Amino acid sequence: MKIGIFDSGLGGLTIFKSIHERLPVYDYIYLGDNARTPYGNRSFEAIYKFTTESVQFLFSQDCYLIIIACNTASAKALRNIQQKILPVTYPTRRVLGVIRPSVEELGRYTQTKTVALWATEGTVKSMSFEIELKKLAPEILLIQQACPLLVPLVEAGEFDGVGARHFVEKYWRATKARSAQIDTLLLACTHYPLLLPVIKASLPDSVKILVQGDFVTPSLQDYLHRHPEIDEKLTRHGTTKFLTTDQSEGFDRLAQVFLGYCVKSERVEL
Ligand code: DGL
């Protein structure tokens, strides 16, 4: 049985990369729903339907544990999948998201108790980060900024050009106008780590920039440690299969940018 990693497209490769570097022995299937990406501006119903189909598909491919690497899908579909789909379809299998592991760590970084979050419109509107944070660290003020143009820039391979710099600076101006106390910025979208050099260059050094792979991977390690009944089901041959719902050539070309090495994906119908 394998670990499935799901994203609306390529961005989840940033999470996969981090997990795979720390836990290379397991067998993985990465599924990108490239045919229907981006999810960021879609309705709750559409995201729930697409995410459920993708999760069911990964289960049919022998995934025992699935990580929904996409923030938008984690925000809008994870809870319903955990509560409504899993108990009736695969009660012993597990689906995890990326929001809780990110929020759990925020308190360790902020001195001013004021954290900014950049994400898609869907993630911001869902208020999922805010809701989790209220439970775990209610003293932290969260300033949420939707950055709708960053995903298309990354998908177009525009990581450090004038366009990327322009929009990163614009979103930072809008963010800091809402509080002068921000000392931490969480990049709560799979694609944004690729813009890290531009983001670092555009923000003051006093602002810590957090990427989710740094939280999701240790959290998964800890989860497997605490759940030997799941861990023992997972096979360890060190393999990875990359699947996409769109053309594999396009996936492979950009995957190389995200991962830093070549991959050969397969196109699948969900
Ligand atoms: N994967 C999405 C996220 O992390 C970004 C791309 C999209 O909008 O589909 O929110």
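For ligands, and for the atoms within them, numbers begin at 1 and follow the listed sequence. Note that this is a predicted model, so its numbers are computed, not measured.
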Look at Asp62 together with Lys233 and state whether they make a salt bridge at an N to O cut-off of under 4.0 Å. no
Protein residues near ligand 1, heavy-atom distance below 4.0 Å? Asp7, Ser8, Thr37, Pro38, Tyr39, Gly40, Cys70, Asn71, Thr72, Thr120, Val151, Cys189, Thr190, His191
For Gln256, check side-chain contact (heavy atoms from CB on, under 4.5 Å) against everything at least two apart and list the hits. Cys262
How would you list, by chain and number, every residue that makes a salt bridge (charged side-chain N to carboxylate O under 4.0 Å, His left out) with Asp222, sequence neighbours excluded? Arg226
Other cluster members, Ile131 - Ile/Leu/Val/Met/Phe/Trp/Tyr, side-chain contacts below 4.5 Å: Met127
Is the shortest side-chain N to carboxylate O distance from Lys264 to Asp252 below 4.0 Å? yes
Assess whether salt bridge (Lys or Arg N to Asp or Glu O under 4.0 Å) is satisfied between Glu53 and Lys49, documenting all intermediate values. CA-CA 6 Å; Glu53 285 169 4; Lys49 177 175 182 292; 2.9 Å; yes
